[in-house]
Colleague: 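Have a look at this one.
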Amino acid sequence: MQIIVASHSGFCFGVKRAINIAEKILKESRNTNNIYSLGPIIHNPQVVEGLSKRGLKVIKDITNIKKGAVIISSHGAPIEVMGDIKKKRLGLIDATCPFVKNTHNIGERLKASGYKIVIIGDKKHPEVKALLSLTGKGTKTKKVAVISQTTQSSDNYLKGVAELLKKDFSELRIFNTICNDTAERQASAKKFLKKCDVMVVVGGKNSANTRRLWQICKESGVSSYHIESASELKRQCFLGKSHAGVVSGASTPDSMVKKVVKRIKSLTS
Ligand code: F3S
């Protein structure tokens, strides 16, 4: 079995930064009982579990939190939630990825300039929820601006823009807010799909960017597996196959990718 691994793997910049922020706080705090993360700090269950063993508590909301500090995940949080954290006089540690912040800033600026903002992304994802809190409900205007979730696939984005072009507007501004890391991982997957007869996508099942990689692979028709850990791979996955491609999401550690490669080797030798 020939195995090729995307050169762009391991944690992305924003994920590394968020983990470093959390680790630093846990190391420096005298009392780790009061350190919370609003939602998982990154979308990788194994990494989140590792941090929780060191004291980081994942919470859904701040209702029952009376003291301590709250870390905002790499995806950001709605402006109202940030306000509530401050009102309750809790510590606010913002680990939002700067590329996500950049999208938020673009959205806010466009809203202030009178545009109706269309976001192409997953409504339920924290990044989009945060963005919606800043760009608000649609205003009645024919000036439209479109931005995407940073981890959107370029194909989905283009499809969304093509739909918008059919609508009634006086002005349409299009911003490419897909982050470079996401774009490069998707490009690797597409390149591998031309050479491989089986693809392995490694990353959290709750990770938006990993799911997009999985979607790209699945839609190509090449046998593809989305796994969180190496043990999910079975010998049958590789029967009759000769070239395996391994791509990973932005919140997947390098060590996990190495374990997956080792597992493929052991199953196919
Ligand atoms: Fe940031 Fe892109 Fe990673 S938006 S969190 S660098 S996938």
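Indexing begins at 1, ligand by ligand and atom by atom, following the structure's order.
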Colleague: Evaluate the criterion side chain to side chain contact (heavy atoms under 4.5 Å, CB included) for residue pair Lys143 and Ser170; output intermediate values, then yes/no.
Modeller: CA-CA 6 Å; Lys143 279 171 57 171; Ser170 61; 3.9 Å; yes
Colleague: Which option out of Ala18, Gly76, Cys179 puts a heavy atom nearest to atom 7 (S) of ligand 1?
Modeller: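 Closest candidate by heavy-atom distance is Cys179.
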Colleague: For Cys97, counting its heavy atoms only, list the atoms of ligand 1 lying under 4.0 Å from any of them.
Modeller: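 With Cys97 as reference, the close atoms of ligand 1 come out as 1 (Fe), 4 (S), 5 (S), 6 (S).
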Colleague: Report, in ascending order of atom number, the atoms of ligand 1 lying under 4.0 Å from any heavy atom of Thr182.
Modeller: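 Per the distance check, 7 (S).
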Colleague: Before giving the answer on side chain to side chain contact (heavy atoms under 4.5 Å, CB included), spell out for Tyr225 and Val198 the whole-Å C-alpha distance, their side-chain angles and the decisive distance to 0.1 Å.
Modeller: CA-CA 8 Å; Tyr225 299 91; Val198 55; 3.8 Å; yes
Colleague: Stepwise, does the side chain to side chain contact (heavy atoms under 4.5 Å, CB included) test hold for Phe238 with Leu233?
Modeller: CA-CA 9 Å; Phe238 305 99; Leu233 289 172; 4.0 Å; yes
Colleague: Between Asp181 and Arg185, is there a salt bridge with N-O shorter than 4.0 Å?
Modeller: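 Answer for the salt bridge query: yes.
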Colleague: Checking a contact table here: which protein heavy atom is nearest atom 3 (Fe) of ligand 1, and how many Å away?
Modeller: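 That would be Cys12 SG, 2.3 Å.
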Colleague: Under 4.0 Å from a heavy atom of Phe99: which atoms of ligand 1 are those, numbered in the order shown and with their elements?
Modeller: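 Near Phe99, the atoms of ligand 1 are 4 (S), 6 (S).
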Colleague: Indicate yes or no: does Lys159 engage Glu163 in a salt bridge with an N to O separation below 4.0 Å.
Modeller: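 Not counted as a salt bridge, because no side-chain N and carboxylate O are separated by less than 4.0 Å.
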Colleague: Would you check whether Asn209 reaches within less than 4.0 Å of ligand 1, judged by its heavy atoms?
Modeller: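 Per 4.0 Å heavy-atom rule, Asn209 does not contact ligand 1.
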